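Contents: one structure, followed by commentary.
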Amino acid sequence: MDEHTFTHNFSNHKRTHKTYLCYEVEILHGDSGIPPDEDKGFLCNKGTDQPGLPCHVELYLLGRIRSWKLDRKLHCRLTCFISWTPCGTCARELAEFLKENSHVSLCIFASRIYSLNDYEAGLRTLQEAGAQIAIMTFKEFRHCWETFVDHQGRPFQPWDELDINSQGLSKELQAILQTRQN
DNA sequence: ATTTTCAAT
């Protein structure tokens, strides 16, 4: 991923019309069976500006995971860094996947909270399915920069308000996740 | 082209 794509899409004070997702796969014990170049990578949604039906990035991620044909006997830990939290529909899709694939655990760090429609219930459903959901902090932004960005040796430069935005969004997410479902 | 959260206007 180039520097501008990362900075533009992951800055936590912007509202972009694209969603990027960086992922890392870790197989605990044994040979993964994952092609070596697919243990980490990034994806982007397909919007209405591209041919074909639009598709949220989470569905591409599920497609990619399924293509790996993971060994159900081995535990797989998947960590995602995503510029927007999943929408309600995608959150339920991910939750369903986790229920059907108990050998996969999912940890999501999001830059911003996508807050349209039934996003709150969706995030709670995803959490109840076992996913860890948190807001990206400086540590995660720097990790993504170092891991996924073609940074040409340049260190991660935080933008203004990174920390304060992250803290505010974390409180907001905590409030959502701690609300009891009815 | 602008703005309006995985675009919509």
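Throughout, a chain's letter reflects where its sequence line sits, starting with A, and its residues are numbered from 1. Given the structure is predicted, the values throughout are model-derived calculations rather than measurements.
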Contact class for A:Thr48 vs. all strands (heavy atom < 4.0 Å): base, sugar-phosphate, or nothing? sugar-phosphate
Provide, to the nearest angstrom, the distance between the CD atom belonging to A:Glu93 and the P atom belonging to B:dC6. 18 Å
Both distances under 3.5 Å, Watson-Crick or G-U wobble: report the partner of B:dT5, or none. none
Interatomic distance, A:Lys14 NZ vs B:dA7 C1' [rounded to whole Å]: 17 Å
Closer than 4.0 Å, any side-chain N/O of A:Asn9 to the OP1 or OP2 of B:dC6? no
Look at the side-chain heavy atoms of Ile, Leu, Val, Met, Phe, Trp and Tyr, link any pair under 4.5 Å apart, and say whether A:Leu162 and A:Ile135 land in one connected group. no
Hey, would you say the A:Phe42 and A:Phe81 ring centroids sit under 6.0 Å apart? no
Write down the distance between CG (A:Asn117) and C1' (B:dA7), rounded to a whole number of angstrom. 13 Å
Sugar-phosphate, base or nothing in reach of A:Ser83, heavy atoms under 4.0 Å: nothing
How long is the line joining CH2 of A:Trp84 and P of B:dT4, in whole Å? 13 Å
Rounded to whole angstroms, how far apart are NE2 on A:His17 and C1' on B:dA1? 12 Å
A:Arg112 CZ to B:dT4 P, straight-line distance once rounded to whole Å: 15 Å
Report which part of the nucleic acid A:Thr89 touches: base, sugar-phosphate, or nothing (heavy-atom distance under 4.0 Å, all strands). nothing
Compare every heavy atom of A:Gly41 with every heavy atom of A:Phe148, then report the nearest pair and how far apart it is. CE2-O, 3.5 Å
Whole angstrom value for the distance that separates P of B:dC6 from NZ of A:Lys18: 10 Å
For residues A:Trp159 and A:Phe141, establish whether the separation of their ring centroids is below 6.0 Å. yes
Tell me: CZ of A:Arg92 to P of B:dC6, nearest whole Å? 16 Å
